[in-house]
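Order of the sequence lines sets the chain letters (A, B, ...), proteins ahead of strands, with each chain counted from 1. Keep in mind that the numbers below use all heavy atoms, side chains included, and drop hydrogens, waters and symmetry copies.
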Amino acid sequence: DAGVTQSPTHLIKTRGQQVTLRCSPKSGHDTVSWYQQALGQGPQFIFQYYEEEERQRGNFPDRFSGHQYPNYSSELNVNALLLGDSALYLCASSLAMEIYGYTFGSGTRLTVV
Amino acid sequence: AQKVTQAQTEISVVEKEDVTLDCVYETRDTTYYLFWYKQPPSGELVFLIRRNSFDEQNEISGRYSWNFQKSTSSFNFTITASQVVDSAVYFCRPMNYGGSQGNLIFGKGTKLSVKP
């Protein structure tokens, strides 16, 4: 049973560019959440998608947007990249609002230069 | 406002030592869940345990045990006879009963290094 799959694994972008990160949830999970984790810090919640709608959002600017597809997979888009957007981006899937604990992917390491 | 504190930034032990990781959660909520996650060097966060605020029984799973004390808002995690494979960053995080994501916070984590 595949867990959460994220792509790409690593990415290098130039300041001002746009990036799209992808996530396939664990089989049977319907909720996808995205987190940003800076080096040496705990994950920071970006937003959560359920039934193709953004249900909750953390304290991130509108440059961060997302989408969830009917098959529950999700994308995270970041526009106008800043150096400070360099981080590990983690996708987590769950069933019914994470009551039973998230399953996390291995993340996408984004470096903005 | 909710606040989760993992006061220990880094801990280093020698293999076979016991180690306890501390977590304190401050909230006005009377009902909530608390989770522990492990993040090995590979980066993937691994779910370890979920406890609810009504259940103060200690739980043991193999070498892992958890002690939750609502009176002190502490949810501590003990690894008995530590092994090198336990080396990772451990995160504590809360979630309120309603599933509201307003307090979707993780602690800052405790980096555990187990030396052979």
Non-hydrogen atoms of chain B under 4.5 Å away: do they reach the side chain of A/Gln37, the backbone, both or neither?
side chain
Can you name the closest pair of heavy atoms from A/Tyr35 and B/Arg93 and give their distance?
OH-NH1, 3.3 Å
For B/Gln6, which atoms come within 4.5 Å of any heavy atom of chain A: side chain, backbone, both, or neither?
neither
Here the gap from A/Phe45 atom CZ to B/Phe106 atom CZ, rounded to the nearest 0.5 Å, amounts to 10.5 Å
Under 6.0 Å from the CG atom of A/Leu39, do we count more than 12 heavy atoms belonging to anything else shown?
no
Do B/Tyr37 and A/Pro43 come within less than 4.5 Å of each other through their side chains, counting heavy atoms only?
no
Looking at A/Ile12, I want to see if its CD1 is surrounded by more than 12 non-hydrogen atoms of other residues, nucleotides or ligands under 6.0 Å.
no
More than 12 heavy atoms of other residues, nucleotides or ligands under 6.0 Å from NZ of A/Lys13: is that the case?
yes
Answer yes or no: does atom CZ of A/Arg15 have more than 12 heavy-atom neighbours from other residues, nucleotides or ligands under 6.0 Å?
no
Take a 6.0 Å sphere around NZ of B/Lys108 and say whether it holds more than 12 heavy atoms from other residues, nucleotides or ligands.
no
Heavy-atom check, side chain of B/Phe35 versus side chain of A/Tyr102, under 4.5 Å:
no
